[in-house]
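Data first, discussion second: the structure below is written as C-alpha cells.
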Amino acid sequence: MNVAAATGRLTLDAIGEIGRIANFAARGGTAWFLGPFYWRAFGGALARIGYASLPVVGLTAIFTGAALALNIYEGALFNVEAFLPQILGVSIVRELGPVLAALMVAGRCSSAMAAEIGTMRVTEQIDALSTLSVDPFKYLIAPRILATTLALPLLVLIADIIGVYGGYLVSVYALGFEPTHYVTNLVDFLSVDDVTSGLLKAAVFGFLISVMGCYYGYKSRGGAGGVGSATRTAVVAAAVSVLASNYLMTSLLVEV
Amino acid sequence: MTSTPVKVSIRKLEKAFGDNQVLRGVNLDVAKGQSLVVIGGSGTGKSVLIKCLLGLLKADEGVIEIDGVNIARQTGGDRRLMARQSGMLFQSSALFDSLNVWENVAFRLIYAEKKSRKHAREKAIDCLAQVGLAPEVGDLAPAELSGGMQKRVGLARAIASDPEILFFDEPTTGLDPIMADIINNLIVERVKALGATTISITHDMASARKIADEIAMLYQGHIIWRGKPDEVENSGNPMVDQFVHGRAEGPIQMQVRRDFVSKK
Ligand SMILES: Nc1ncnc2c1ncn2[C@@H]1O[C@H](COP(=O)(O)OP(=O)(O)OP(=O)(O)O)[C@@H](O)[C@H]1O
Ligand SMILES: [Mg+2]
C-alpha cells in the first residue's frame, strides 16, 4: 500500500476518534447537570475512585518525595539546606504530584471503568438500562466523570502533603537537616499559584481519565475479548492523554 | 381480522449493518392484548427486530407505530417516555450484577419513577412472589442464581411497573424442559393478569405454541407467514414446515460448510 495514503488514512482515523471522544465527553459531562441525579451511583464512584485510591497514591507520593530529596541533595552544589525543600516542593506540587497521582488513578480506575462498562455492554445490561427508562449516560457515565474530576484534585492535595513529608523524612533523618529550616524554606518559597495550578491540572486529568475509561468501555463489542482490548486501550489512552495534556497545560501555565 | 385496536404496527421496516441487509421491509400488526411470537432461524434478525421496536437500534427505513404514534424517528426523551410503558426480558437476562436481586426488579421504580426505596422493595418482593421466588432471594446477587432463576428475575423486572407492551427475547433458551414450561406458564399467566400486548421471539416451538395467540415467521428479512398456533403444523408453507419440523433438508439453506463439517 501507498505510504502517503496509509498515513492519510491513519490521520483521518485518529481525528475521527478524537471527535467521537470529544462528543462522548460532552454528552457525559453535561448529562449530570440535566438531572435526574443518581446520587447513589455518584457516591459509589467517589468511594471506588477517590477513597480506594488513597493508599496507592500515598505510597507513590512518599517514595517519590523521599527519592527526590536524595537526588536533589546529590546534585546540589551549595546551600542545599535552603534549596532542597524549595525544589522538592515545587517539583512535587506543580508536576510530580498531579502527574504521578493521575497515572496511578489511570491505571487503577480507567481500566476498572472500561471493564465494568464494557461488561455491561456485552451482556446487554446497558440495553436493559434504556428499556427501564434510565439514560446510561446519566446513570453510568456522568457519575464516574464527575466523581473522578472531583476526586483527583483531592487526591493530589493529599499526595502533595505526603510527598513533601517523604522529602522531610529523608532530609531530617538521613541527611541531618534542621526540621524547622525545612518547613520554613518550603512554606516561604511555595506560592498559592503552585498549589492551585497543580490542582487544576489534576481536575483535567481526572476528567480525561474517566472519559477514556467510560468511552472505551461503552463502545466495546464482542464478549470477553472485546472487553479485554477495551480495558487495555483505555489505560493507554488515559495515560497518554494525561501526559500530553500535562505538557500542554504546563506550557500555558508557565507563560502566565 | 379482529376488532380490537392495533397496539403495535410495523410498516416496511428496514435495517442493515453495512452490506448485511437484515430486515428488508417487515410488516406486522399486533392487536391490543394479543401475544405474537416471531419464529425464524438463527441470524434472521429476530433480535434486531425487537431492538428496533425498543429503540435500542435505529431503523433505516419504515414506520413503527405504537398506539398510532410513529416512534421510528424518535430519539432521547420522547423515546424514553415510550419505553416507560414497555418491559423487556433479555435473552441473557441482562441483570445488573452490581445490584442485588430486589434492586434489579425495582430498578425502574427507584431510578426512573423516583419511588422510595422502601416502597420499591415491597413492590419488588411482590413481583418476585409472582414469579415464584421467595423474599430471601431478593437479597442475593444475580451471580448467585441459576440460569432459570435469573430468567424469572428478568421476568419480574420486566413486569414490575405494569407495562402495556412486553418483549421476550428467547425466554426459554438454555433452560431444561421443565423450567422452560414453568417460564412459559408464568408468561401466559402474567400477561393475562396485566392485559399486556406481547411480542416474543423464540426457536422453541413448544414455547411458541404455548404462549402465542399468533405466530409469524421471519425469513430473509420478511415476514413470510403468519397464523394461529394450531395452523403452524399444516401451514402449507415449505419454509415454515421445515422450521417447525426441524429438518436440515428443505428450502432454507443454513450457512454451514457441509464438506468441512463432515470431514471432521
Ligand atoms: N450490532 C450489530 N452490528 C452488526 N451486525 C449485527 C448487529 N446485531 C445483529 N447483527 C447482524 O444481524 C443479523 C441478525 O442478527 P440477530 O441477532 O437479529 O439474529 P437472531 O434472529 O436474533 O438470531 P438468534 O436466533 O441466533 O438469536 C446477523 O447477521 C448479525 O450478524
Ligand atoms: Mg437473537
Side-chain angles (χ1 to χ4, degrees), chain A residues 23 26-28 30-49 52 109 112-144 147 214 217-219 221-224 226-227, chain B residues 17 47-48 50-58 75-99 103-115 117 120 142-143 150 153-154 156-161 163 165-170:
Chain A
N23 187 28
R27 254 184 96 184
T30 51
W32 181 264
F33 301 100
L34 304 173
F37 308 106
Y38 298 122
W39 293 106
R40 191 172 274 265
F42 173 70
L46 203 57
R48 278 192 310 274
I49 296 157
C109 301
M113 284 181 218
E116 283 163 15
I117 295 175
T119 305
M120 291 188 72
R121 164 64 75 198
V122 303
T123 56
E124 297 180 307
Q125 291 178 50
I126 291 183
D127 286 345
L129 276 180
S130 305
T131 67
L132 294 167
S133 318
V134 170
D135 183 350
F137 269 81
K138 289 184 184 155
Y139 180 74
L140 290 178
I141 313 294
R144 284 174 168 79
C214 292
Y218 197 76
K219 72 174 206 120
R221 290 282 179 281
V227 176
Chain B
F17 297 100
S47 295
V48 169
I50 258 191
K51 284 183 179 167
C52 286
L53 296 180
L54 281 161
L56 300 173
L57 289 172
K58 203 161 163 63
T75 46
D78 289 343
R79 202 59 201 250
R80 265 190 299 282
L81 227 56
M82 124 75 196
R84 212 155 266 216
Q85 51 160 313
S86 49
M88 165 82 176
L89 171 59
F90 284 83
Q91 185 168 352
S92 58
S93 298
L95 301 178
F96 304 123
D97 41 30
S98 59
L99 303 177
E103 287 171 318
N104 264 278
V105 176
F107 192 85
R108 192 203 299 252
L109 298 173
I110 298 174
Y111 290 97
E113 296 175 9
K114 298 281 165 192
K115 297 274 165 41
R117 287 178 72 83
Q150 289 184 7
V153 174
R157 184 173 72 178
I159 62 174
S161 52
I165 310 176
L166 275 162
F167 298 93
F168 299 121
D169 191 346
E170 314 209 1

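A, B, ... follow the sequence lines: proteins, then strands. Residue 1 opens every chain. Values below: all heavy atoms of this structure, side chains included; hydrogens, waters and symmetry mates excluded.
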I need the B:D97 CG to A:T119 OG1 distance, nearest 0.5 Å.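 The OG1 atom of A:T119 is 7.5 Å from CG of B:D97, to the nearest 0.5 Å.
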
Donor-acceptor under 3.5 Å (A:Y38 side chain, B:Y111 main chain):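 Judged by distance alone, yes, a pair lies under 3.5 Å.
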
At a 4.5 Å cut-off on heavy atoms, which part of B:L95 comes close to chain A: side chain, backbone, both, or neither?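 When you check distances to chain A, only backbone atoms of B:L95 fall under 4.5 Å.
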
Under 4.5 Å from any heavy atom of chain A, what part of B:L99 do you find: side chain, backbone, both or neither?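 Contact with chain A is through the side chain of B:L99 alone.
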
Listed partners of B:F96 passing ring-ring contact (aromatic ring centres under 6.0 Å, His included), at least two apart: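 Residues passing ring-ring contact (aromatic ring centres under 6.0 Å, His included) with B:F96: B:F107.
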
Considering all heavy atoms, the nearest [X]-[Y] contact:
{"X": "A:A128", "Y": "B:A94", "result": "CB-O, 3.8 Å"}
{"X": "B:Q91", "Y": "A:E124", "result": "N-OE1, 4.4 Å"}
{"X": "A:S130", "Y": "B:L56", "result": "CB-CD2, 3.7 Å"}
{"X": "A:L132", "Y": "B:R157", "result": "CD1-CD, 3.7 Å"}

A side-chain contact here means heavy atoms from C-beta on lying under 4.5 Å apart; do B:F167 and A:T131 qualify?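 Answer no - side chains too far apart.
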
With sequence neighbours left out, what residues match A:R40 under salt bridge (Lys or Arg N to Asp or Glu O under 4.0 Å)?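 For A:R40 there are no salt bridge (Lys or Arg N to Asp or Glu O under 4.0 Å) partners, ignoring immediate neighbours.
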
Go through the atoms of A:F137 and report whether side chain, backbone, both or neither lie under 4.5 Å from a heavy atom of chain B.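 For A:F137, there is no contact with chain B at all, as no heavy atom is under 4.5 Å.
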
By a 4.5 Å heavy-atom criterion (distance strictly below it), what part of A:I126 contacts chain B: side chain, backbone, both, or neither?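 Neither part, no heavy atoms under 4.5 Å.
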
